[in-house]
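See structure below.
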Amino acid sequence: MLHNKINKPENSKAKEVREEPVKDISLGQNKKISRKQFFQRIGLISLLPLAGIWFSAAERAQIRERQIKTIDIPSNVPYGISFFGAVIVSKNDEQTNIFSAKCTHLGCIINKSEDGALVCPCHGSRFSANGKVIKGPADKSLEKLPYKTNPRTGEITVEVLV
Ligand code: FES
């Protein structure tokens with residue numbers, strides 16, 4: 001046990017030395033730490049929030065990775081509109097567009113078309129074959145997704161956040 005020495009005044013007859021324990025706040029024990037140790041501990045403690053931020057970012061990245069779904073679309077997808085779960089393929093002579101099937105209003109999955117328009121089953125928003133809003137309540141175009149085409153097979157691969 002470490003102690004501080006407290007001397008009584010010089011004029012006291014009995015020169016008694018009383019010892020007071022010094023309490024280490026961080027450990028709750030009667031232990032004295034050096035200035036260097038103190039700053040080392042403070043340094044380590046100050047790193048904890050950074051570690052928390054790093055773990056949080058890593059966790060978010062893992063969650064996002066788990067939410068990405070890869071969808072393979074066959075090379076012989078027909079002209080017009082086709083539904084592949086979370087994605088919609090709109091193909092004509094000139095181009096192929098791939099959209100997220102998630103409605104931009106409240107996120108319902110669009111899974112049908114009427115008269116060449118994509119129709120949301122939840123609140124009736126309608127989108128053109130190129131993803132633009134024809135009728136609300138949605139007010140944003142469908143999200144156009146990048147895709148890769150296999151040059152050998154013509155198969156399309158698209159990643160979508162589900
Ligand atoms: Fe599609 Fe509301 S979620 S119109």
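Index from 1, following the sequence. As the structure is a computational prediction, the values presented were derived from the model and not from experiment. Counting starts at 1 for both ligands and their atoms, following the listed order.
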Check: Ala86 main-chain N/O paired with Lys69 side-chain donor or acceptor under 3.5 Å: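 Not confirmed, Lys69 side chain does not pair with Ala86 backbone.
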
Could you measure the distance from the [atom1] atom of [X] to the [atom2] atom of [Y]? Nearest 0.5 Å is fine.
{"X": "Ile156", "Y": "Tyr147", "atom1": "CD1", "atom2": "OH", "answer": "5.5 Å"}
{"X": "Ser90", "Y": "Ile98", "atom1": "OG", "atom2": "CD1", "answer": "10.0 Å"}
{"X": "Ile81", "Y": "Lys91", "atom1": "CD1", "atom2": "NZ", "answer": "14.0 Å"}
{"X": "Phe99", "Y": "Leu118", "atom1": "CZ", "atom2": "CG", "answer": "7.5 Å"}
{"X": "Leu161", "Y": "Ile68", "atom1": "CG", "atom2": "CD1", "answer": "6.0 Å"}

Near atom 2 (Fe) of ligand 1 (under 2.8 Å) - protein N, O or S atoms: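 Those protein N, O or S atoms (cut-off: under 2.8 Å from atom 2 (Fe) of ligand 1) are His105 ND1, His123 ND1.
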
